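Written out below as structure tokens is the structure these notes cover.
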Amino acid sequence: QVQLVETGGGLVQAGGSLRLSCVVSGGIFTINAMGWYRQIPGKQRELVASMPTGGSTSYADSVKGRFTVSRDNAKNTVYLQMSSLKPEDTAVYYCNADLTTYYPKRYGVDYWGKGTLVTVSS
């Protein structure tokens, strides 16, 4: 019953900005880590950013200095702020959560959102 829902995708011009949101809901869980992935047309899905709870956020080299991840723990929401967007950033962006669930306990279970499309026009 846990689900992740991404919002905020759309069409933006090169050089513009966009913020994606991911809300985790349902069940009883603890968030171990959150991450953002993307799948560029014709390529394999790739890691954009990883944010372990209590740890340091890491970014793919292709987005360093342009993308920023943040979390609102009270809302179980993670954000991906994207700036200086390039046409090469066009992709379906996916939210990922590493959760510990309960009753019975399950540790380190991966959940995925359905994705949101970001299109950057040149």
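The model shown is predicted, which means the values in this text are computed figures rather than measured ones.
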Okay, side chain of Gln1, backbone of Gly26: is any donor-acceptor separation there less than 3.5 Å? no
Is a donor from one side chain sitting under 3.5 angstrom from an acceptor on the other, for Thr68 and Tyr79? no
I'd like to check the salt bridge (charged side-chain N to carboxylate O under 4.0 Å, His left out) partners of Lys64; sequence neighbours left out, ordered by chain and number. Asp61
Would you mind reporting whether Leu117 and Tyr93 have side-chain heavy atoms less than 4.5 Å apart? no
Tyr37: ring-ring contact (aromatic ring centres under 6.0 Å, His included) partners, not counting sequence neighbours: Trp112
For the pair Thr100 (side chain) and Tyr107 (backbone), establish whether a donor and an acceptor sit closer than 3.5 Å, ignoring hydrogens and angles. no
Measure the shortest side-chain to side-chain distance between Gln13 and Leu85 over non-hydrogen atoms and say whether it is less than 4.5 angstrom. no
Gln3 side chain near Ser25 side chain, heavy-atom distance below 4.5 Å: yes
Report yes if the side chains of Tyr94 and Leu4 come closer than 4.5 Å at any heavy-atom pair, otherwise no. no
Side-chain (Thr77) to main-chain (Lys75) donor-acceptor, under 3.5 angstrom: yes
Beyond-backbone contact of Thr116 with Thr7, side-chain heavy atoms, under 4.5 angstrom: no
Quick note, disulfide (SG to SG under 2.5 Å) partners involving residues 48-79, not counting sequence neighbours, are none
So, Thr53 side chain and Ile31 main chain: donor-acceptor pair closer than 3.5 Å or not? yes
Determine whether Val109 and Asp98 make a side-chain contact, defined as any pair of heavy atoms from C-beta on separated by less than 4.5 Å. no
Taking ILVMFWY side chains as joined if any heavy atoms are under 4.5 angstrom apart, and letting links pass through other members, which residues group with Val5? none
Is it true that a side-chain atom of Thr90 and a backbone atom of Val120 form a donor plus acceptor pair closer than 3.5 Å? yes
Got a donor-acceptor contact below 3.5 angstrom from the Glu6 side chain to the Gly115 backbone? yes
Residues 43-52 side chain polar contacts: donor-acceptor under 3.5 Å, at least two apart:
| residue | atom | partner | partner atom | Å |
| --- | --- | --- | --- | --- |
| Glu46 | OE2 | Arg38 | NE | 2.8 |
| Glu46 | OE2 | Arg38 | NH2 | 3.3 |

Can you name the residues that form a salt bridge (charged side-chain N to carboxylate O under 4.0 Å, His left out) with Arg19, not counting sequence neighbours? none
Does the side chain of Asn76 come within less than 4.5 Å of Phe29's, by heavy atoms? yes
